[in-house]
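No hydrogens, no waters, no symmetry mates; every other heavy atom, side chains included, goes into these values. Order of the sequence lines sets the chain letters (A, B, ...), proteins ahead of strands, with each chain counted from 1.
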Amino acid sequence: MFCQRDLSYLYDGSIEGMLCCIFEAFARKERPRVICPEDRFEPNLFDWRSIGTSSAFAARVTAGLERKVSPRAAWIVQTLYLTAHPEKELLALDFTRQAFRFGRGVTDLMGGPIVSQAWKAVRQAYSEAHQYKGLTRFSDFDGVLVAESAPKNQVLPLIAAHFRVRLRNEQFLIYDRTHRQALIWQQGELGLMEVDALTPPPLTAQEEQTRALWRRFYKTIAIAPRENPRCQQTNMPKRYWKLLTEMQEETLPAPGHISLDAGRDAG
Amino acid sequence: MDLMEKLTILTDAAKYDVACTSSGAGNSAPRGQGIGSTADCGICHSWSADGRCISLLKVLMTNRCVFDCRYCVNRRSADAPRAAFTPKELAELTIQFYRRNYIEGLFLSSGVDRSPDYATEQMICTLELLRGHYGFTGYIHAKAIPGADPLLIDRLGHLANRLSVNIELPSERGLRQLAPNKSKRSILGPMAAIRDGITQNGEELVRYKSAPKFAPAGQSTQMIVGATPESDLQILRLTEALYKKYRLKRVFFSAYIPVVEDTLLPALETKPPLLREHRLYQADWLLRYYHFSSEELLDEDDPQFNPLMDPKCCWAVRHMELFPVEVNAAPYEMLLRVPGIGPVSARRILRARRGANLDWEDLRRIGVVLKRAQYFLLCRGKRPAGLIVTERNTVRALIDGAPVAQAEQLSLFGSELSRPAQQLREAAAECFVSGI
Ligand code: SF4
């Protein structure tokens, strides 16, 4: 039995760090009340403990899940880390406990509250990733393609392979504002980096022209007698609009004086 | 004429074609030179103001046309501005849109400029540039032009992921009246040729892996609904036959939008029959994924879809004797027939019930929507607590809310118009029950 402890685990925010929290909880047979990254910790009445990150411990959690439960269970725990579930770390811990208790069949126990929550969070992350495969918009800055996104889940690792294959001979960067990360593909190398802010250079005339053509296509393709703004919005919620070229008004300040930085918070 | 103007004219002329999907193309992971890949599940890149998914750059090569199909904005006798892309312009535009991830690929169709052969050659030229010069390995859907040389269609098929020939109208009579330059033969001929091309290519691919692929994502077609007087049953039978005989991947329906004043066509102010189109798509879905046949959904006595209820619910209401079914025991095929349960929920149920004997709470948690399904299911032999199942309650739960809300437009209920929605729903249920 794990005993419930009035305690917070703090970790460095990395996936390995999260797995180490799971390791710690198993080692001590306890379930903390909170697990969260240090930089997001809001002091409460309880005690807290800082959990160090060790690749070896993290690897043992993953290997244990893969061998004693199933690769699928290990994959769920890893994907949970990417999700926007507000208590994803605790959920990962609870799921891991169930996994060791029920073994292989755990991923089929979708009726249970923990497994169903885990599946739901994972599904949502994948469905957001799928949305971003379509809704990501690149701009060409001198041969480098740059896109901005603002996903709820950390979708960059989930869409990396897709764009790497598709744009294999391009160089690209996709910035995730929410998590301040950038996915970078350059000379055959894919990397995920912490990036605080993105300030792209001014748009070229050719870029403006291509955007204008796309906006025109977008406007023209709609069939007026079938107009259906509700359906449009259900499929493409408003929160995406600010990222979409076709949903921006055509503002064409004189070339050379455009800054994408306008209106974005500094840092 | 500048590119902006051409794009405007040639998009405007192409937009009534409804097929805009890249799904079913298979997942590809090309390497080496070039750009592009395909994704089997289909990716939407945007949604236009009419709520339709935009996934492909859908344009005509040209809207010049020597044919005179009466329902078409591009027909020879129409007074419209004309334009044509050069193959180079269009290939470059496609690549520039694709790099920026605006689109999943190209959907290219064309008016019959000069002759079917000439128009097809222009399309081939564009696709050759894309596939050759740019090394484009993304999705291309090309429309074959009735009457073009089979050799040209064959070439087109080797360049495109999907080929289609529009069947245009659901009957030969309609075709004769409204598309005098086309005939059943000139449409079904290429359709059969494409089918045979795909089959033959499949055999070649088994023998030589490197054989060039012919329309690997298959063939589709579309027909216009509401321009001619066929019944839903006729349309659905034709659809079923097209799937069987020509092994089509998809049949698309397009609610006729009056663009032309013509005595043979619905008047200009006629609203496009969107609800009917919607019902046809629902039924098409049932044919393809739910193992239904057209005969189960409609018959000679009842040849039109019900505006108040989707075809699957209609079927269920007429077959109440088969329900309720036990969630923990019913075979997959039967679960699929329960209103509110689709292939995803049905598969989830199968998986979840391997691990445990499911109760109502479990069902909810695995994400099965019970609003409709609960009337047709038992969990561990029990109905949901507190649910009273009568014919009337069931029917009321199955009434499709959207058309009822639109009742004003459809004037289904005459004087009932001013009643609030809830009462309208009651009235609809009433009217339905008395109809069964
Ligand atoms: S062939 Fe008929 S349908 Fe096609 S563009 Fe010409 S007139 Fe329109």
Side-chain angles (χ1 to χ4, degrees), chain A residues 102 105-113 115-117 119-120 123 130-131 133-140 145 147 161-163 165-170 206-207 209-214 216-236 244-247, chain B residues 3-4 7-8 11-12 14-16 20 28-37 39 41 43-55 57-59 93 96-104 135 138 255 257 271-272 274 348 351-356 358-359 361-363 365-367:
Chain A
F102 294 104
V106 68
T107 42
D108 289 341
L109 293 174
M110 287 180 293
V115 180
S116 68
Q117 257 194 78
W119 267 116
K120 195 168 152 210
R123 258 204 308 273
H130 182 76
Q131 288 264 35
K133 285 181 189 172
L135 297 174
T136 299
R137 294 285 175 273
F138 291 100
S139 303
D140 182 335
L145 298 172
H162 171 79
F163 283 110
V165 169
R166 180 158 290 198
L167 301 174
R168 55 196 177 278
N169 293 300
E170 304 275 353
Q206 145 105 72
E207 176 61 26
Q209 159 80 2
T210 311
R211 286 184 176 192
L213 285 164
W214 170 243
R216 179 62 66 86
F217 173 79
Y218 179 79
K219 275 211 190 92
T220 315
I221 198 78
I223 298 178
R226 302 186 59 133
E227 218 157 87
N228 191 344
R230 245 218 351 233
C231 178
Q232 178 191 29
Q233 260 188 58
T234 329
N235 286 311
M236 190 166 70
L244 297 171
T245 319
E246 61 272 28
M247 304 313 278
Chain B
L3 191 57
M4 183 67 85
L7 178 65
T8 315
T11 303
D12 203 41
K15 70 182 176 194
Y16 296 101
C20 182
S28 77
R31 292 151 181 255
Q33 286 308 302
I35 178 171
S37 58
C41 51
I43 296 176
C44 281
H45 286 248
S46 193
W47 280 266
S48 57
D50 52 24
R52 295 191 305 169
C53 150
I54 299 179
S55 119
L57 171 58
K58 181 162 61 178
V59 287
L93 185 68
Q96 290 309 332
F97 278 11
Y98 194 83
R99 291 177 70 223
R100 287 165 177 80
N101 205 41
Y102 295 165
I103 53 170
E104 196 60 19
I257 298 167
K271 287 235 165 64
L274 295 180
R348 270 191 213 156
R351 280 200 32 207
R353 79 185 184 191
R354 265 188 297 174
L358 306 177
D359 63 21
E361 206 35 55
D362 294 332
L363 265 195
R365 270 200 295 258
I366 62 177

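- Residues B:L7 and A:L213 share a closest heavy-atom pair of CD2-O, 3.2 Å.
- Contacts with chain B were tallied for A:Q206, A:R123, A:M247, A:Q131; A:R123 has the most, counting heavy-atom pairs under 4.5 Å.
- A:T245 touches chain B through its side chain: at least one heavy atom from C-beta onward sits under 4.5 Å away, while N, CA, C and O do not.
- Residue B:S37 comes nearest to A:V165 through the heavy atom pair CB-CG1, 3.9 Å, listed as atom of the first residue, atom of the second, then distance.
- In this structure, CZ on A:F163 lies 4.0 Å from CG on B:N101, to the nearest 0.5 angstrom.
- Between chain B and the options A:W119, A:F138, A:F102, heavy-atom pairs under 4.5 Å are most frequent for A:F138.
- Nearest approach of A:A222 to B:K15, heavy atoms of both residues: O-NZ, 3.4 Å.
- Ranked by heavy-atom pairs under 4.5 Å with chain B, the first of A:Q209, A:H162, A:E227 is A:E227.
- Taking the six-membered ring where the residue is Trp, B:F97 and A:W214 present perpendicular rings, their angle passing 60° and hence far from 30°.
- Contact of A:Q117 with chain B is not made at all, since no heavy-atom distance falls under 4.5 Å.
- The side chain to side chain contact (heavy atoms under 4.5 Å, CB included) test with B:S48 is passed by exactly one of A:T220, A:N228, A:I223, A:I221: A:I221.
- Judged as a salt bridge (charged side-chain N to carboxylate O under 4.0 Å, His left out), and not counting sequence neighbours, the contacts of B:R365 are B:D362.
- Using a 4.5 Å cut-off between heavy atoms, B:R52 contacts chain A through its side chain alone, with no backbone atom that close.
- Note: A:T136 leads A:L167, A:V106, A:T136 in heavy-atom pairs under 4.5 Å with chain B.
- With a 4.5 Å cut-off on side-chain heavy atoms, A:R211 and B:R100 do not count as touching.
- In terms of non-hydrogen atom pairs under 4.5 Å with chain B, the most contact-rich of A:P229, A:G105, A:G112 is A:G112.
- A donor-acceptor pair under 3.5 Å is formed between the side chain of A:N169 and the backbone N or O of B:G32.
- Side chain of A:R168 to backbone of B:G36: a donor-acceptor contact under 3.5 angstrom is found.
- Of the possible donor and acceptor atoms, one in the side chain of B:H45 sits under 3.5 Å from a partner among the backbone N and O of A:G134.
- For B:I366, the parts lying under 4.5 angstrom from a heavy atom of chain A are both the backbone and the side chain.
- Closest non-hydrogen pair, A:H130 versus B:C41, comes out as CE1-SG, 3.5 Å.
- Looking only at atom types and distance, the side chain of B:S46 has a donor-acceptor partner in the side chain of A:E246 under 3.5 Å away.
- With hydrogens and angles ignored, the 3.5 Å screen pairs no side-chain donor or acceptor of A:R166 with any backbone N or O of B:I35.
- Here B:L57 is the residue among B:L358, B:L57, B:L93 with the most heavy-atom pairs under 4.5 Å with chain A.
- With salt bridges taken as basic N to acidic carboxylate O contacts below 4.0 Å, none links B:E104 and A:K133.
- Rounded to the nearest 0.5 Å, atoms NZ (A:K219) and OG1 (B:T11) are 13.0 Å apart.
- No other option in B:P30, B:P272, B:G138, B:A255 has as many heavy-atom pairs under 4.5 Å with chain A as B:P30.
- Closest heavy-atom contact between A:L135 and B:W47: CD2-CZ3, 4.3 Å.
- Judged as a salt bridge (charged side-chain N to carboxylate O under 4.0 Å, His left out), and not counting sequence neighbours, the contacts of B:R99 are A:D140, A:E170.
- Both the backbone and the side chain of B:R348 come within less than 4.5 Å of a heavy atom of chain A.
- Residue B:L363: no heavy atom, backbone or side chain, is found under 4.5 Å from chain A.
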